[in-house]
Enquirer: 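Let me begin by handing over the structure; questions about it come next.
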There are 4 protein chains.
Amino acid sequence: MARSVRSTPPVAPVLPPSAASNGTRSRILAAGLELFAERGYHATSIRDMAAAADMQSASLYSHFPSKEAILAELVLLGHEEHHQRVLSAMLDAGPDPRDQLVAIVRVHVLTHAEFPMLGVVANYERHNLSPTAAAPVLAIRRRSEALLHEVLERGVRAGVFQLLHEDATSRAIATMGVSVATWWPERADGMEAAELADAYCALALRMVGAA
Amino acid sequence: MARSVRSTPPVAPVLPPSAASNGTRSRILAAGLELFAERGYHATSIRDMAAAADMQSASLYSHFPSKEAILAELVLLGHEEHHQRVLSAMLDAGPDPRDQLVAIVRVHVLTHAEFPMLGVVANYERHNLSPTAAAPVLAIRRRSEALLHEVLERGVRAGVFQLLHEDATSRAIATMGVSVATWWPERADGMEAAELADAYCALALRMVGAA
Amino acid sequence: MARSVRSTPPVAPVLPPSAASNGTRSRILAAGLELFAERGYHATSIRDMAAAADMQSASLYSHFPSKEAILAELVLLGHEEHHQRVLSAMLDAGPDPRDQLVAIVRVHVLTHAEFPMLGVVANYERHNLSPTAAAPVLAIRRRSEALLHEVLERGVRAGVFQLLHEDATSRAIATMGVSVATWWPERADGMEAAELADAYCALALRMVGAA
Amino acid sequence: MARSVRSTPPVAPVLPPSAASNGTRSRILAAGLELFAERGYHATSIRDMAAAADMQSASLYSHFPSKEAILAELVLLGHEEHHQRVLSAMLDAGPDPRDQLVAIVRVHVLTHAEFPMLGVVANYERHNLSPTAAAPVLAIRRRSEALLHEVLERGVRAGVFQLLHEDATSRAIATMGVSVATWWPERADGMEAAELADAYCALALRMVGAA
DNA sequence: TATGAATGAGTCTTCATTCAT
DNA sequence: AATGAATGAAGACTCATTCAT
């Protein structure tokens with residue numbers, strides 16, 4: 001039986017399925033995502049986005065009330081997609097804190113490898129949101145952080161994790177996953193996403209003293 | 001006699017001594033640093049910077065030829081200061097790869113804890129530089145990366161490090177230090193910089209399988 | 001039957017029919033023409049032009065990509081209108097070089113008398129164009145110059161012209177026509193355009209030794 | 001005895017002797033002349049002129065009270081030099097109107113050939129002067145025009161000139177001399193100034209019907 | 001005499017947004 | 001749903017000029 005030589009697409013999809021494919025709106029979101037990720041929110045003009053979506057700038061306002069609304073939707077979408085995947089992975093993992101940690105890190109890394117632009121925008125461009133638009137995003141972030149915290153705490157209580165410093169450890173684990181969005185799409189070798197995730201999972205186990 | 005409970009100032013200095021204290025120029029740099037770190041390069045206007053430096057916007061041009069030149073100087077300065085500190089720490093460390101890794105991580109973390117705004121600007125705002133302005137910065141980055149790479153390689157050859165994946169490991173170590181600039185200044189507890197550095201050094205040793 | 005005493009309007013039209021009357025665009029062109037002719041390109045601000053066209057300065061950019069583009073259009077338009085008139089006059093003239101010279105000079109003078117501002121802008125402000133914008137203009141100028149040259153050459157070969165110096169003569173003929181744009185609109189007496197043209201035609205015939 | 005092969009210098013002097021050679025002031029005037037002639041008054045900044053004169057812009061104000069004062073001095077200087085030369089040539093000519101016309105045209109052409117930049121600035125940039133600064137210039141212009149007018153009138157009264165139209169003729173004669181400043185420095189052939197002047201003198205005689 | 005720094009007004013152009021069509 | 005034209009505010013930058021040194 002012929003095996004496919006390539007297991008990941010050469011170019012990652014821009015938007016997750018939950019947001020893709022429904023016409024003009026998603027064309028605008030895709031345009032915004034690419035440009036915000038590449039140049040940043042303030043370096044991208046409404047006209048740039050319109051051009052990338054093959055329309056006039058005024059037409060954007062038939063779909064979004066403002067430039068900020070487009071960023072807000074992208075940032076929220078990135079957080080929702082991520083949180084839902086992490087949550088789902090946790091539910092599939094058994095009760096062992098080690099399995100739970102691995103589940104979190106794997107899906108965390110894979111999501112950032114699959115949607116690097118969304119990772120960049122959600123993490124680095126979210127600071128351009130007004131407090132109002134940022135609020136629901138922060139809520140999700142806190143839930144995600146709490147989830148990792150919970151797993152670490154349970155591992156400590158179960159005696160399988162020996163943390164050096166809770167805060168530093170959890171920040172390090174979270175950060176190294178996010179950074180994947182930045183460097184992995186530009187990697188020189190042909191490293192696969194699954195291979196990458198394996199490495200980070202093992203790394204995480206070492207960081208919590210469980211390997 | 002009462003001992004001071006806090007050994008580091010509550011607010012870190014903005015610029016390293018190498019750039020501070022020489023008049024108008026450094027006042028402009030300090031203004032740019034604060035604003036670029038807080039809002040980002042494109043969200044900061046030349047008038048904002050002038051106001052923060054208590055002068056008219058046109059007066060900036062007596063000291064810098066363009067807005068980009070201010071960013072370029074800050075980014076370069078951040079990289080130079082960082083690289084020089086890392087280099088100096090390496091020279092003070094003994095020949096043991098473990099000591100060398102600890103030396104690198106400690107100074108890496110401490111630098112980002114002491115100059116968090118410079119860390120943010122140097123790492124996140126440098127993408128707003130033109131290729132010409134970015135070139136010398138990239139050269140320094142490559143040297144710093146090579147240094148960490150060298151230490152890891154030597155540790156592996158000496159049999160004291162068991163790396164899971166060289167690239168992933170080095171990226172994770174570098175990233176977790178940089179992220180300090182982001183979260184540590186806003187920490188809730190009264191964590192000291194030295195304590196933070198200790199934790200990250202131990203974490204790094206675990207990551208390379210040497211703890 | 002009563003003859004009208006005045007055959008030309010007291011104030012010449014600003015733009016030739018080929019460019020006039022089509023809405024906002026030509027209102028901007030007319031504003032630019034008047035101001036460029038009166039004050040010069042660099043002494044005219046985009047705001048001055050907007051005010052003269054009764055709009056905001058930003059609105060100009062819905063119709064022209066830059067200030068230079070407005071000048072470029074005016075200069076090109078002036079050259080095109082002029083060249084087409086000269087060409088048309090030549091075609092109506094018989095084969096006699098004297099008739100041809102008179103035809104050229106008459107239309108040359110009349111055009112500058114009818115559209116003096118366009119003459120001033122096309123001839124004196126064209127130096128403010130970038131090489132790219134100036135190229136098509138230069139092409140037309142060369143064609144016009146070649147036409148006069150051709151007529152003079154033919155007259156010499158036919159023995160009806162005795163030139164003192166070809167280059168000096170053709171420059172003098174061309175220049176005296178262009179200068180009409182400058183002094184004729186401010187003439188003290190009530191000199192008619194037709195009368196003016198008659199004088200210049202006779203003058204030209206003398207200059208080539210054919211009178 | 002060796003004859004000089006070249007009767008005119010390859011590059012015409014910038015300023016006439018009356019203004020040259022007295023230090024910083026004339027260095028500034030020379031810089032202004034070159035730049036005003038090349039780019040125009042409004043396209044030349046005070047900093048451009050300072051750079052061309054190898055000094056700081058603020059230093060110009062030790063020698064001239066304003067940018068306009070530099071233009072005013074150049075324009076006045078050009079007119080004075082020109083008028084004095086024309087006057088002197090007239091005094092050397094005999095009483096014959098033909099000789100007088102030739103004398104005027106010759107010196108008119110030669111002056112513009114020798115100081116083309118001064119000719120350009122005096123004739124085309126003088127419109128950028130305020131009425132106050134323009135007044136003495138206009139006075140000289142009127143005297144020069146009156147002089148030509150006088151010669152033409154005398155020739156008519158003496159029956160040696162048959163004018164077609166006084167105003168048109170005098171404008172044409174004056175204009176063709178001024179235009180020399182524009183085209184002659186860029187001539188393709190190696191035409192000498194004396195040769196040029198001869199041609200224009202003969203042309204003028206034809207124009208007045210005296211050849 | 002010369003200058004570096006400073007300034008307020010101005011430059012052209014782009015911005016996000018609105019609105020009538 | 002889409003657009004061309006319009007706008008007021010703002011963008012980075014340059015202007016001619018001033019002044020203390």
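In this text the structure is predicted, and so the values were computed from the model without any measurement. Sequence lines set the chain letters: A, B, ... in the order given, protein chains first and strands last, and positions in each chain run from 1.
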Enquirer: What's the closest nucleotide to the B:Tyr61 side chain, out of E:dA9, F:dA12, E:dT13?
Expert: F:dA12

Enquirer: Please determine, for the side chain of D:His63, which listed nucleotide (F:dC13, E:dT3, E:dA2) has the closest atom?
Expert: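 The listed nucleotide nearest to D:His63's side chain is E:dA2.
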
Enquirer: Just the rounded figure in Å: distance from C1' of E:dA6 to CD1 of B:Ile28.
Expert: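 Atom CD1 in B:Ile28 sits about 11 Å away from atom C1' in E:dA6.
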
Enquirer: For B:Tyr41 and B:Glu68, indicate whether the former's side chain and the latter's backbone hold a donor-acceptor pair under 3.5 Å.
Expert: yes

Enquirer: What stem regions, each of at least 3 consecutive Watson-Crick or G-U pairs below 3.5 Å, can be found for DNA chain E?
Expert: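 Paired runs of 3+ in DNA chain E: E:2-21 with F:2-21.
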
Enquirer: Could you please name the option among E:dA2, E:dG4, F:dA2 that lies closest to any side-chain atom of D:Ala58?
Expert: E:dG4

Enquirer: Mind checking the CD-CE spacing from B:Glu38 to B:Met117? Nearest 0.5 Å is all I need.
Expert: 8.5 Å

Enquirer: E:dG4, OP1 or OP2 - any side-chain N/O from D:Gln56 closer than 4.0 Å?
Expert: yes

Enquirer: Could you state the atom-to-atom distance from CD1 of C:Ile70 to P of E:dC12 in whole Å?
Expert: 10 Å

Enquirer: When rounded to the nearest 0.5 angstrom, what is the spacing between OG1 in D:Thr44 and CD in D:Glu125?
Expert: 8.0 Å

Enquirer: Assuming nearest nucleotide by heavy-atom distance, tell me which of C:Lys67 and B:Asp54 is located more 5' along DNA chain E.
Expert: B:Asp54

Enquirer: Counting distance only, does the side-chain N/O of A:Arg25 pair as donor-acceptor with the main-chain N or O of A:His63 below 3.5 Å?
Expert: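 Pair found, side chain donor or acceptor close to backbone of A:His63.
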
Enquirer: For D:Asp54 and D:Arg27: C-alpha separation, side-chain torsions, deciding distance, then whether salt bridge (Lys or Arg N to Asp or Glu O under 4.0 Å) applies.
Expert: CA-CA 9 Å; D:Asp54 203 38; D:Arg27 238 173 58 231; 5.5 Å; no

Enquirer: What is the distance from atom CG of C:Asn123 to atom NE2 of C:His82, rounded to the nearest 0.5 Å?
Expert: 8.0 Å

Enquirer: To the nearest Å, give me how far apart CG (B:Leu60) and C1' (F:dT14) are.
Expert: 13 Å

Enquirer: Starting at CG of B:Asn128, measure out to NE2 of B:His42 and round the result to the nearest 0.5 Å.
Expert: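 Those atoms lie 4.0 Å apart.
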
Enquirer: Return the value, rounded to whole Å, for the distance between atom CZ of A:Phe64 and atom P of E:dT18.
Expert: 16 Å

Enquirer: Taking only heavy atoms on the protein side, list every residue of residues 33-48 of chain D lying under 4.0 Å from any atom of DNA chain E, sorted numerically.
Expert: D:Arg47

Enquirer: State which residue, out of A:Val120, A:Leu77, A:Val14, fulfils the side-chain contact (heavy atoms from CB on, under 4.5 Å) condition with A:Leu33.
Expert: A:Val14

Enquirer: How many Å lie between CE on D:Met49 and P on F:dC15, as a whole number?
Expert: 13 Å

Enquirer: Look at the side chain of B:Ser62 and decide which nucleotide, out of F:dT14, E:dA6, F:dA2, has an atom nearest to it.
Expert: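 Of F:dT14, E:dA6, F:dA2, E:dA6 is nearest to the side chain of B:Ser62.
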
Enquirer: Between F:dT17, E:dA5, E:dA6, which nucleotide gets closest to the side-chain atoms of B:Thr24?
Expert: E:dA6

Enquirer: Figure out the CE/P separation between B:Met55 and E:dG4, and round it to whole Å.
Expert: 16 Å

Enquirer: Please answer whether the main-chain N or O of D:Ala69 pairs with a side-chain N or O of D:Ser66 as donor and acceptor at a distance below 3.5 Å.
Expert: yes

Enquirer: Distance-only, no hydrogens or angles: does the C:Ser45 side chain make a donor-acceptor pair with backbone N or O of C:Asp48 under 3.5 Å?
Expert: yes

Enquirer: Please check the phosphate of E:dT3 (OP1 and OP2 only) for any side-chain N or O of D:Ser59 closer than 4.0 Å.
Expert: yes

Enquirer: Mapping D:Ser57 and A:Pro65 onto DNA chain E by nearest heavy atom, which one lands closer to the 5' end?
Expert: D:Ser57

